[in-house]
Amino acid sequence: MTWGAFYLWLADRLKQRENGINEARWLIEAVTGLSFYSIREQPFAEATRPRFEKALVELFRGRPFQYVVGSQDFYGYSFKVGEGVLVPRPETELLVEAALQWGKGRELRALDLCTGSGCIAIVLAKHLRGDFTAVDLSADALSVARENGILLDVDVHWEQGDLFAPVEGKMFHLITANPPYLSEEEMAHCPIELTYEPSMALVAGSDGLEVCRRIIGQVSNYLERAGLFLMEFGETQGAAILEQMKKGDWQKVEIRKDYQGKDRFLYAIR
Ligand code: GLN
């Protein structure tokens, strides 16, 4: 049997899944470390079969595909992920895009809160000039983020702590955050895949806004005048976020949408 024939078998097993046909190819590439097209005509390595069987069992139990293969692409880069960190989501790429457009050509100090896998901080450090700091409460997340920083060859100061606590007294030109923003109610009815991700990266109290509110309450103390603040939030939270922002002194406050046209992140100039 060739890898091509094995692929047909695997794709058939996965075909009920939304993205099963692609997943079959990605799984082969993750297990072999080779491009599927380069091995398609070559004999299947029987010794790898148990790894595919194990992956199938895990996927059908609901373990997210990204944890099974151990990585997720974000903004064109491959990020290592595991149970301790949120899987980077494509909608967050739009927040990154906004930061890159604004920050292009500037020399800046940037801070990323709730960094998780480090995806936002790392892409910014790849494309912008300056000094980059990223914070997370979770030591597990930070160790993955640090590893991603090394794999992708960027210099980021990784700090463990609660929101701004590790950067007390410092000022930044750019502050980004993808905090937890699901409500307890949403989490109670979420798809099984989500229960594999760290709840501290997802859930923020009864209305999901607990962490967003704390960030908005403190962000002005750390953001330079004319600096940019970008924060992701949930699709129903736009009005509440704008209300919170009224308490501060901002030159510009906008809600930006995601690929599905849903409210997704705050764009604010101090
Ligand atoms: N967008 C994620 C989801 O709905 C939530 C991420 C977050 O809380 N920051 O699965």
Side-chain angles (χ1 to χ4, degrees), residues 17-19 59 62-69 71-75 79-99 111-124 134-138 140-142 144-145 148 161-164 175-219 229-241 244 255-268:
R17 290 171 59 89
E18 196 185 324
N19 211 3
L59 289 172
R63 192 176 181 214
F65 184 80
Q66 295 87 346
Y67 290 161
V68 172
V69 295
S71 67
Q72 167 67 35
D73 281 358
F74 179 82
Y75 212 85
F79 284 84
K80 223 182 99 94
V81 292
E83 260 75 355
V85 292
L86 190 82
V87 174
R89 308 286 206 264
E91 51 270 31
T92 308
E93 293 175 339
L94 292 172
L95 181 154
V96 165
E97 188 69 49
L111 171 67
D112 182 41
L113 298 177
C114 311
T115 197
S117 65
C119 62
I120 296 176
I122 288 170
V123 176
L124 296 185
V135 175
D136 205 286
L137 191 52
S138 154
D140 285 352
L142 275 182
V144 174
N148 280 320
D162 186 23
L163 302 182
F164 296 98
I175 298 180
T176 54
N178 179 12
Y181 54 71
L182 300 183
S183 67
E184 282 153 3
E185 175 73 13
E186 284 171 309
M187 195 62 201
H189 299 102
C190 74
I192 179 115
E193 277 79 4
L194 221 57
T195 64
Y196 281 78
E197 296 191 84
S199 68
M200 69 186 278
L202 290 167
V203 193
S206 57
D207 64 356
L209 283 162
E210 236 159 58
V211 180
C212 288
R213 269 195 296 266
R214 288 182 54 218
I215 294 174
I216 292 174
Q218 298 174 55
V219 65
F229 168 43
L230 298 171
M231 182 175 69
E232 190 171 316
F233 59 80
E235 61 192 74
T236 61
Q237 296 168 341
I241 295 281
Q244 290 291 315
I255 301 285
R256 299 274 177 105
K257 294 188 188 297
D258 64 18
Y259 296 110
Q260 299 180 51
K262 294 175 174 164
D263 288 353
R264 187 57 61 197
F265 67 93
L266 174 70
Y267 184 106

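Ligands are counted one by one from 1 in listed order, and the atoms in each one are counted from 1 as well.
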Item to check | Positive for side chain to side chain contact (heavy atoms under 4.5 Å, CB included) with M231, one of I241, N178, L113, I175 | outcome: I241
Checklist entry - Would A201 count as a contact of ligand 1 if the rule is a heavy atom under 4.0 Å away? => result yes
Checklist entry - Can you tell me which residue and heavy atom of the protein come closest to atom 4 (O) of ligand 1, and the distance to 0.1 Å? => result L182 CD2, 4.1 Å
Checklist entry - Which of the numbered atoms in ligand 1 are below 4.0 angstrom from a heavy atom of E91? => result 1 (N)
Next on the checklist: Within the structure provided, determine whether E186 and L194 are in side-chain contact (heavy-atom separation under 4.5 Å).
Outcome noted: no
Next on the checklist: So if I count the atoms of ligand 1 from 1 in the order they appear, which ones are less than 4.0 Å from some heavy atom of L202?
Outcome noted: 5 (C), 8 (O)
Item to check | Nearest-contact summary for atom 8 (O) of ligand 1 - protein heavy atom, Å | outcome: Y181 N, 3.2 Å
Checklist entry - Should you measure from each heavy atom of P180, which atoms of ligand 1 turn up under 4.0 Å away? => result 8 (O)
Checklist entry - Is E197 near ligand 1, meaning one of its heavy atoms is under 4.0 Å from it? => result no
Next on the checklist: Counting C-beta onward and ignoring hydrogens, is there a side-chain heavy-atom pair between R264 and E235 closer than 4.5 Å?
Outcome noted: yes
Next on the checklist: Is there a side-chain contact between E97 and Y75 in this structure, where contact means two heavy atoms from C-beta onward sitting under 4.5 Å apart?
Outcome noted: yes
Checklist entry - Is any N or O atom of R264, backbone or side chain, closer than 3.5 Å to an N or O atom of ligand 1? => result no
Item to check | R89/D258 under salt bridge (Lys or Arg N to Asp or Glu O under 4.0 Å): CA gap, chis, key distance, verdict | outcome: CA-CA 11 Å; R89 308 286 206 264; D258 64 18; over 6 Å; no
Item to check | For V144 against K80, the heavy-atom pair lying closest together | outcome: CG1-O, 3.3 Å
Next on the checklist: Do R17 and L59 make a side-chain contact, defined as non-hydrogen atoms from C-beta onward lying under 4.5 Å apart?
Outcome noted: yes
Item to check | Nearest candidate to atom 9 (N) of ligand 1, where distance is taken over non-hydrogen atoms, out of P179, A204, S199, P191 | outcome: P179
Next on the checklist: Give me the residue, atom name and distance of the protein heavy atom closest to atom 3 (C) of ligand 1.
Outcome noted: R89 NH2, 3.7 Å
Item to check | Ligand-residue contact atoms, ligand 1 with L194, heavy atoms, under 4.0 Å | outcome: 10 (O)
Checklist entry - Looking at side-chain heavy atoms only, is the closest gap between L182 and C190 below 4.5 Å? => result no
